[in-house]
> 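Quick one: this structure, given as structure tokens, is what I'll be asking you about.
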Amino acid sequence: MGVGGCLALPWRCLVVLCLRLLFLVPAGVPVRSGDATFPKAMDNVTVRQGESATLRCSVDNRVTRVAWLNRSSILYAGNDKWCLDPRVVLLANTKTQYSIQIQDVDVYDEGPYTCSVQTDNHPKTSRVHLIVQVSPKITEISSDISINEGGNVSLTCIATGRPDPTITWRHISPKAVGFISEDEYLEITGITREQSGEYECSASNDVAAPVVQRVKVTVNYPPYISDAKSTGVPVGQKGILLCEASAVPSADFQWYKDDKRLAEGQKGLKVENKAFFSRLTFFNVSEQDYGNYTCVASNQLGNTNASMILYGPGAVHDGNSGAWRRGGCVWLLALPLAQLARQF
């Protein structure tokens, strides 16, 4: 309900009111604006929700009566206030201007307002339209989502405002460039792990600063071992085998030597598992520690493994095949062959 709400009066006062209105704006007289013989009211007035709107009407010494109306309700007639709304106040009633102010404007105040004057027994009217702008507000947005790689994602962002706000989506990522959608809905088909992260919805209509909200999209995928290198360590020294893997959810790691699983707390060993890597530490490497080790990374979407070797400084190691042999064995075999050659 807009500005209005005339005072409830006894029936005698209502009769007087009707007579005054008939005198002020006789029936059959159309609303006119731009009359060359009389200055008109303001053009359209645009204000933001919560601000004050000032409605001005120019008058001159020919005016005998003046009033402001909102649709069919009288707001002010001369210096007399006719509406109950405390937000409506009289600003000026002079020989040149008749102005009122509507404070703390809301959307229901929007609409036509009429300045009506009486001059030489000829009523004249001029109309101004009040436009109320409203800052954008996001009223509905998708919740954070978790989805397996390859699935389809649909995000929604609904916003209100006057004028209607423009909605855009963008991916918060160093690799993302510009907007990925200029619509309330964002559709991603066959999502990849690179498309995980936060997606920002922005609503703007130039009335106020854009409002933004974010949705987190988590893309689940099976483990992928990115680094697993063999290591050479002398006997008696500290040795480390490292296995790095990316996965969502984070991978669980297990270590094996040949077919035997290595347990945490095993004498001389330490297994340290983190979100994206596992570290196998040998505090005092012995001959029995040398050999082939396998790192297994797994989550509910799958598993993968990689082999690596802990070898001594004299070992010959093939980094590609994982094969290895002790260099000393080659030397022991070469010595008898040399002695045999001297005999001939």
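The analysis underlying the following values was restricted to heavy atoms, covering all of them including side chains, and did not include hydrogens, waters or symmetry mates.
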> Under 30°, 30 to 60°, or over 60°: which ring-plane class applies to Tyr199 and His171, parallel, tilted or perpendicular?
parallel
> Ser181 pairs by side chain to side chain contact (heavy atoms under 4.5 Å, CB included) with which of Ile188, Leu155, Leu186?
Leu186
> Heavy atoms, side chains only, cut-off 4.5 Å: are Asp109 and Val107 in contact?
no
> Evaluate Leu55 against Val45 for side chain to side chain contact (heavy atoms under 4.5 Å, CB included), listing each step before the verdict.
CA-CA 8 Å; Leu55 307 181; Val45 176; 4.1 Å; yes
> What's the shortest heavy-atom distance between Pro136 and Ala203, and which atoms?
CG-O, 3.5 Å
> Does the side chain of Trp169 reach to within under 4.5 Å of the side chain of Val215, using non-hydrogen atoms?
yes
> Heavy atoms, side chains only, cut-off 4.5 Å: are Thr192 and Glu149 in contact?
yes
> Would you say Asn152's side chain and Gly190's backbone share a donor-acceptor pair under 3.5 angstrom?
yes
> Under the side-chain hydrogen bond (donor to acceptor under 3.5 Å, both in side chains) rule, what do Thr294 and Trp255 come out as? Steps first, then yes or no, please.
CA-CA 6 Å; Thr294 301; Trp255 286 92; over 6 Å; no
> Near Asp106 CG, under 6.0 Å, is it more than 12 heavy atoms from other residues, nucleotides or ligands?
yes
> Output, in order, the C-alpha distance, side-chain angles, deciding distance and verdict of salt bridge (charged side-chain N to carboxylate O under 4.0 Å, His left out) for Asp289 and Lys257.
CA-CA 9 Å; Asp289 293 326; Lys257 183 179 183 185; 5.4 Å; no
> When you measure from the side chain of Thr64 to the backbone N and O of Gln118, does any donor-acceptor pair fall under 3.5 Å?
yes
> Can you find a heavy atom in the side chain of Ser230 that is under 4.5 Å from one in the side chain of Met308?
yes
> When rounded to the nearest 0.5 angstrom, what distance separates CZ in Phe276 from SG in Cys243?
13.5 Å
> Closest heavy-atom contact between Ile167 and Cys201?
CG2-SG, 3.7 Å
> Flag yes if Leu269 and Leu241 sit in one hydrophobic cluster, no otherwise; membership is Ile, Leu, Val, Met, Phe, Trp, Tyr, and two members link when side-chain heavy atoms are under 4.5 Å apart.
yes
> Kindly indicate whether the side chain of Val285, heavy atoms from C-beta on, has any atom under 4.5 Å from the side chain of Lys238.
no
> Trp82 and Ile74: which non-hydrogen atoms are nearest, and at how many Å?
CB-O, 3.3 Å
> With heavy-atom distances below 4.5 Å as the criterion, would you say the side chains of Asn220 and Ile147 are in contact?
no
> Taking all non-hydrogen atoms of both residues, which atom of Val219 and which atom of Ser196 are closest, and how far apart?
CG2-CB, 3.6 Å
> Out of Val105, Val132, Val134, which residue meets the side chain to side chain contact (heavy atoms under 4.5 Å, CB included) rule with Glu110?
Val132
> Just by modelled atom types, is the Lys216 backbone N or O under 3.5 Å from a matching donor or acceptor in the Asp144 side chain?
yes
> Does Thr114 reach the main-chain N or O of Ser116 with its side chain, forming a donor-acceptor pair under 3.5 Å?
no
> Taking Tyr113 as the starting point, is it possible to reach Val63 by hopping between hydrophobic residues whose side chains are less than 4.5 Å apart?
yes
> As an exercise, state the distance from CD of Glu200 to OG1 of Thr168, rounded to the nearest 0.5 Å.
8.0 Å
> Looking at Ala297 and Pro223, what are the two nearest heavy atoms and their distance?
O-CG, 3.6 Å
> Distance check, rounded to the nearest 0.5 Å: Gln195 atom CD versus Ser173 atom OG?
10.0 Å
> Between Arg48 and Val207 (side chain of the first, backbone of the second, donor and acceptor by atom type, cut-off under 3.5 Å), is there such a pair?
yes
> What distance separates Asn303 CG from Phe253 CZ, expressed to the nearest 0.5 Å?
12.0 Å
> Please walk me through it: do Asp252 and Ser298 pass side-chain hydrogen bond (donor to acceptor under 3.5 Å, both in side chains)?
CA-CA 5 Å; Asp252 294 323; Ser298 61; 5.2 Å; no
> Indicate yes or no: does Glu198 engage Arg214 in a salt bridge with an N to O separation below 4.0 Å.
yes
> Side-chain contact test, heavy atoms from C-beta onward, threshold under 4.5 Å: evaluate it for Val88 versus Cys83 and give yes or no.
yes
> Do Ile100 and Leu75 come close enough that some side-chain heavy atom pair is under 4.5 Å?
yes
> Work out which heavy atom in Pro234 is nearest to a heavy atom in Pro313; give both atom names and the distance.
CA-CD, 3.7 Å
> Judged by atom type as modelled, is there a donor-acceptor pair below 3.5 Å linking the side chain of Thr304 to the main-chain atoms of Tyr224?
no
> Does the side chain to side chain contact (heavy atoms under 4.5 Å, CB included) test come out yes or no for Leu280 and Ile240, once each step is laid out?
CA-CA 6 Å; Leu280 177 61; Ile240 294 176; over 6 Å; no
> With no hydrogens and no angle check, is any side-chain donor or acceptor of Asp258 less than 3.5 Å from a backbone partner on Lys260?
no
> With a 4.5 Å cut-off on side-chain heavy-atom distances among I, L, V, M, F, W and Y, is there a chain of contacts connecting Val296 to Val248?
no
> Can Val235 be reached from Tyr293 by stepping across I, L, V, M, F, W or Y side chains whose heavy atoms are under 4.5 Å apart?
yes
> Could you check Ile158 against Ile138 for side chain to side chain contact (heavy atoms under 4.5 Å, CB included), going step by step and ending with a plain yes or no?
CA-CA 6 Å; Ile158 306 296; Ile138 295 176; over 6 Å; no
> Supply the atom-to-atom distance Arg87 CZ to Gln103 CD, rounded to the nearest 0.5 angstrom.
9.0 Å
> Any donor and acceptor pair, going by atom type alone, linking the side chain of Asn70 with main-chain N or O of Pro112 inside 3.5 Å?
yes
> Give a yes or no on whether Tyr311 and Tyr256 share a hydrophobic cluster (residues Ile, Leu, Val, Met, Phe, Trp, Tyr; joining criterion: side-chain heavy atoms under 4.5 Å apart).
no
> Before you tell me yes or no, could you show the steps for Trp68 and Tyr98 under side chain to side chain contact (heavy atoms under 4.5 Å, CB included), namely the whole-Å CA-CA distance, both residues' side-chain angles and the distance that decides it to 0.1 Å?
CA-CA 9 Å; Trp68 270 107; Tyr98 186 57; 3.4 Å; yes
> I'd like to know whether CZ of Phe283 has more than 12 heavy-atom contacts from other residues, nucleotides or ligands below 6.0 angstrom.
yes
> In Å and rounded to the nearest 0.5 Å, what is the OG to CD distance from Ser52 to Gln101?
4.5 Å
> Would you say the rings of Tyr290 and Phe282 are close, in the sense that their centroids are separated by under 6.0 Å?
no
> Whether the side chain of Asn299 engages the backbone of Pro249 through a donor-acceptor N/O pair (distance < 3.5 Å, no angle test) should be reported.
yes
